[in-house]
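For reference, the structure discussed in these notes is given below.
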Amino acid sequence: MQDNRGHLNGYRIFQVDDYSNFYADDPLMWYSEKTGDSTYVPMNTGNNQSLLLKLGFNMIKGVRLSLLNSTSKDAWFGYDHAFKYNPDGRIGSYKETSYNAFQLNHMINPTLFYEFKMSYIDNYSGSYLYKDPLDTNYVHGKYLENYGSGFFTGGQQKNHSMLTVQDKTVKFDLTWQANHRHSIKLGLLDIAHGVDHQWHTIRNKYDGEESQDLLYEPEIFGDTTVYADIYKVNPRESAAYFQDKMEFDDMVINVGLRYDVFDPASFYPSDRRNPANQLVLGDSMTSTYLQAPIIDQVSPRIGFAYQLGNQAVLHFSYGHFFQMPPLYAMYQNHSFLVNPSDYSTTMGSVLLKPEKTITYEIGLWQELTRGMSLDVALFYRDIYNLLSTKIISTYNQIEYGLYSNKDYGNARGLEVKLDAGHGPIKGILNYTLQYTRGNADSPTQTFSRAGDSMDPVNRFIPMSWDQRHTLNGTVMFSAKNYGGTVSAYYNSGSPYTFMPQSESVLSRINLYPNNDYKPASSTVDLTLYYNFKLAGRYHGKIDLTIYNLLDRLNENWVNDQTGRAYTAVIKETDLASHRSDFNDYEAVSYTHLRAHETREDRGWRLVRVKKKGGGGGGGGGGG
């Protein structure tokens, strides 16, 4: 069991049914109810419970059975700055997982054995304020107001989603040492998925009536409206593989082949310009619904290691890897309804191809001295069929997004690993140099830019995980009854999109996404342990772990106008437009910036805020 209270707190000045109005120019006419108890409320919390049980049985000679049960229950709330003074209006996230497995291992003879496994997993996840979407504790939407202050002074988040995925898996693996040169493996896999997805926006039953401003009762709609996305599907995936490990005097070669099949078990509209037949048109412009085809792929893989004398090994690998798109990209908006507003609808597609990665790697392992070795490897990866969103225009000229496989990316780099040991002390040092590029950083990038009247990206840009330098080091000390580990991590900054101030000449240029890099981050962790005996019979162990030993503050997010987590640009117009009787604009910026630093066992760093006068538009650090 784990109960994490987090380090970011809210301040309950308001309750969800408090009402505020800061629209008047005269502060004497402002109105704000503050019925909260003014207590601090942890806002990034987590509660986790897990249980694991495994039973193993040795049956007849060479046969072993095992049973496994794993259950977990998690609940967590993420910090939401807009609800800092109304923390009870935030939705939470919930997850419950039950996993059961049966496994049979049978060694037929010393050169032939197999493993048979059956498992069942029931995975529930949800995001909501109350599990029952019709709960009477929901309040009227008129309370959800943040004009002037930048913070919600009442109201609730009313998105409600629940997803249940049940997987039934059967897996068989056979290993046969045919002779002293060939070790053959083959395997079969079958997974039957059961997916039950329900997403709703909670509405007011009295919407559209004269009394809608006074009366409220929560209501949800079915899948025939844009306020819900409900589907039950049963896709199935299967795979088979064959591998031969060939051992010679100075070389080891691995050759393998994998075949994957995925059946979406669903349908799609024949005319994407009228996918739900919302438009009453002629037969040639009306959709029929067709069965989605089965998706398959053959993935070859090869690798070898060549002995260079007694202290060096040259190794190479090449392989194709298959990954299906996420379920939401295939089944989202399963009723195919298009919202009447441009760029407000995204729709899944069961015609998506799997993401295909082709990997090449060559390296050299070299023993430098006794107890010290160095491994250097060069790698290159082509990533095809990356998830994207293409723009479809309906017959009445409404544009929406359809998930597709338009994008491409690649990664290339260098990995260096140094191992050293002497007596009770051992050390490992890893360094990675990497470049990643692609034509889109997120599946909806092209769609979102079009909706914002921005030009498409017509060149490769750094991907969000384009981390140039990664350096990790670990030193371990081990004695008879005690020991410890010190681990240090350094990561150069990852990309973010710099958005210049509106007065800057740069602001008139259509800048590409991910055009700058965040500051580097580093941290050191320490773990110590001590083994002991009780009453000469029972073994015990004490562990002590200190995370972020040096109290390092790392900037996980940065302000898009300054490139730092603790600076923002505040203009006189921002100060003039701020309306509130419970905070000032500087406090909005300070607290907003603080939320984007990693606190990690120390007090807040002072926040520097730059002020700039004149000009229009909002500052980068506002609420």
Side-chain angles (χ1 to χ4, degrees), residues 2-24 27 29-48 74-94 126-160 201-202 204 216 218 557 568 578-605 607 609 621-623:
Q2 185 181 70
D3 186 15
N4 185 351
R5 307 308 295 164
H7 67 281
L8 296 172
N9 292 320
Y11 189 40
R12 189 187 284 119
I13 295 179
F14 302 94
Q15 296 193 82
V16 295
D17 55 354
D18 283 348
Y19 178 75
S20 299
N21 188 320
F22 296 109
Y23 284 88
M29 299 181 65
W30 292 347
Y31 178 78
S32 180
E33 296 176 342
K34 302 182 183 70
T35 64
D37 56 11
S38 298
T39 58
Y40 287 102
V41 179
M43 286 185 65
N44 63 323
T45 58
N47 186 282
N48 316 102
D74 306 309
W76 66 96
F77 284 80
Y79 179 79
D80 190 324
H81 190 59
F83 281 84
K84 177 177 180 178
Y85 299 103
N86 173 32
D88 300 321
R90 298 169 301 135
I91 61 176
S93 298
Y94 305 89
S127 179
Y128 41 75
L129 184 60
Y130 301 106
K131 189 170 185 178
D132 180 3
L134 303 179
D135 195 294
T136 56
N137 288 306
Y138 281 110
V139 300
H140 199 291
K142 67 182 180 182
Y143 299 115
L144 192 68
E145 181 63 68
N146 68 344
Y147 179 80
S149 68
F151 293 93
F152 288 111
T153 56
Q156 301 159 320
Q157 295 175 327
K158 291 183 179 176
N159 281 337
H160 190 286
T201 293
I202 298 171
N204 185 1
Y216 179 78
W557 297 275
H578 181 69
R579 300 181 178 187
S580 173
D581 63 358
F582 62 92
N583 65 2
D584 55 31
Y585 191 84
E586 283 86 350
V588 175
S589 297
Y590 278 106
T591 52
H592 175 69
L593 295 166
R594 288 180 180 182
H596 288 76
E597 287 189 308
T598 303
R599 179 172 179 264
E600 296 183 305
D601 300 324
R602 61 169 294 168
W604 288 117
R605 174 183 292 177
V607 178
V609 176

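Quantities reported herein were computed from a predicted structural model and do not represent experimental measurements.
For R579, the side chain to side chain donor-acceptor pair (under 3.5 Å) criterion is met by D25, not counting sequence neighbours. Shown here are the ring-ring contact (aromatic ring centres under 6.0 Å, His included) partners of Y147, two or more places apart in sequence or in another chain: Y23.
Residues V16 and N86 meet the side-chain proximity criterion, which asks for heavy atoms closer than 4.5 Å. Side-chain contact between L129 and K158: absent, with no pair of heavy atoms (C-beta onward) separated by less than 4.5 Å. By the 4.5 Å heavy-atom criterion applied to side chains, R12 and Y85 are not counted as neighbours.
The aromatic ring centroids of F582 and F14 lie less than 6.0 Å from each other.
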For this session: Apply side chain to side chain contact (heavy atoms under 4.5 Å, CB included) to the pair N159 and T201, showing each step before the final yes or no.
Result: CA-CA 5 Å; N159 281 337; T201 293; 3.5 Å; yes
Ring pair (Phe, Tyr, Trp, His ring centres under 6.0 Å), that's the test. Do F83 and F151 meet it? Break it down for me. CA-CA 6 Å; F83 281 84; F151 293 93; 9.9 Å; no
Quiz item: I202 and Q156: side chain to side chain contact (heavy atoms under 4.5 Å, CB included), yes or no, with the steps?
Solution: CA-CA 10 Å; I202 298 171; Q156 301 159 320; over 6 Å; no
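Among S580, S32, S149, the one residue that satisfies the side-chain hydrogen bond (donor to acceptor under 3.5 Å, both in side chains) test with S20 is S32.
The aromatic rings of H140 and Y143 sit perpendicular to each other, their planes meeting at more than 60°, with 30° as the lower class boundary.
Distance CZ/F22 to CE/M29: 13.5 Å, rounded to 0.5 Å.
Between the side chain of H160 and the backbone N or O of Y130, at least one donor-acceptor pair lies under 3.5 Å.
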